[in-house]
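Remember, predicted model here, so these are calculated numbers, not experimental data.
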Protein chains: 2
Amino acid sequence: MTTDVFAVLADPHRRRVLELVAARERTAGELAAEFDVSRPAVSRHLRVLKEAGLVTCRQDAQRRIYRLDPGPLTEVAGWVDRMRGYWAGRLDALEDHLDANPEVPNASR
Amino acid sequence: MTTDVFAVLADPHRRRVLELVAARERTAGELAAEFDVSRPAVSRHLRVLKEAGLVTCRQDAQRRIYRLDPGPLTEVAGWVDRMRGYWAGRLDALEDHLDANPEVPNASR
DNA sequence: AGGTTACGTAAACCTATGGTTACATAGGCG
DNA sequence: CGCCTATGTAACCATAGGTTTACGTAACCT
């Protein structure tokens, strides 16, 4: 049971699904029609997305209507921001370093 | 040649590498020491990260010193923000809808 | 030069994962 | 009640990708 959001987002099909349901709710059929792959394949992607909490599924008669739940995306956004934060913080120290060692990465050449 | 940033970030080892090099530069050896897996495995992860442009590699004698390049992360941040944007935008319309149709998703039951 | 350190690369292996076809289920519809 | 629509599940197959062992290579040290 893949519950890792990053891994779930790794597949382009799944990202596309999220883009589609972000705009508005979609039935499984509508979603499947957007892809070149078979319906069961889409169905599996939907299950993965559902297990990851990225979509919710409402049932209307035979139709399953999928909707985006952006909640788990905060983990991703947070991680990325943290990376960029660390990077930005490190830049100051780096500038000092480069200031002291102007362009001499390999002196023995 | 996996150049898809999302796919690159799917592996926890690679994310951990990025976290490590975000704090400060690290040699391949330092990085490898952080993991339970073998060195060649780490080496391959580093190559993937390098190909994706997420790290750069400077050479100091025998050592390879890796550094974060957060550039490609903007694509991820952008995508996530876009998803959340669409979602937020859709909420207004949804509220209106729910306002008009109070809790009657399936009238024929 | 010989040895050691620090890496990367190559080839083989194995598992996870995504794809397909065939089948099951569940709910309208005549 | 049969039938069609909409969708998920099961079983199976193929490939991608991560891991390992073994090897190659470059640079420092004495």
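- The NE2 atom of His13(B) sits 17 Å away from the P atom of dG17(D) (whole-angstrom rounding).
- Residue Gln62(B) contributes atom CD, which lies 8 Å from atom P of dC29(D) at whole-angstrom precision.
- Between Glu51(B) atom CD and dG8(C) atom P there is a gap of 13 Å when expressed in whole angstrom units.
- Salt-bridge formation is detected for the pair Arg24(B)/Glu30(B): a Lys NZ or Arg NE/NH1/NH2 atom is positioned less than 4.0 Å from an Asp or Glu carboxylate oxygen.
- With rounding to whole Å, Glu30(A) atom CD is found 8 Å from dT7(D) atom P.
- Here dA6(D) presents its P atom at 16 Å from CG of Leu46(A), a figure rounded to the nearest Å.
- Atom-to-atom, CD of Gln59(A) to C1' of dG8(D) comes out at 10 Å; the value is rounded to the nearest Å.
- Nucleotide dT17(C) holds its C1' atom 12 Å from the CZ atom of Arg47(A), rounded to whole Å.
- The residues Asp4(B) and Arg15(A) are annotated as salt-bridged, a charged nitrogen and a carboxylate oxygen being separated by less than 4.0 angstrom.
- Cation-pi geometry between Arg58(A) and Tyr66(A) is not met: the NZ or CZ atom fails to fall both under 6.0 Å from the ring centre and inside 45° of the normal.
- Comparing dG8(D), dT20(D), dG18(C) by their nearest atom to the side chain of Tyr66(A) picks out dG8(D).
- For Pro40(B), taking side-chain heavy atoms from C-beta onward, the closest of the listed nucleotides dT7(D), dT9(C), dG8(C) is dT9(C).
- In this structure, of dT20(C), dT20(D), dT7(D), it is dT7(D) that holds the atom nearest to the side chain of Arg63(A).
- Among the atoms of the strands shown, base atoms are found under 4.0 Å from some heavy atom of Ala41(A).
- Scanning atom types as modelled, one donor and one acceptor separated by under 3.5 angstrom connect the side chain of Arg44(A) and the base of dG19(C).
- The side chain of Ser38(A) contributes an N or O atom lying less than 4.0 Å from OP1 or OP2 of dT20(C).
- Taking atom CZ of residue Arg39(B) and atom C1' of nucleotide dT19(D), one finds them 15 Å apart after rounding to whole Å.
- No chain of hydrophobic side-chain contacts below 4.5 Å, direct or via other Ile, Leu, Val, Met, Phe, Trp or Tyr residues, connects Ile65(A) to Leu18(A).
- A donor-acceptor contact shorter than 3.5 Å links the side chain of Arg26(B) to the backbone of Leu20(B).
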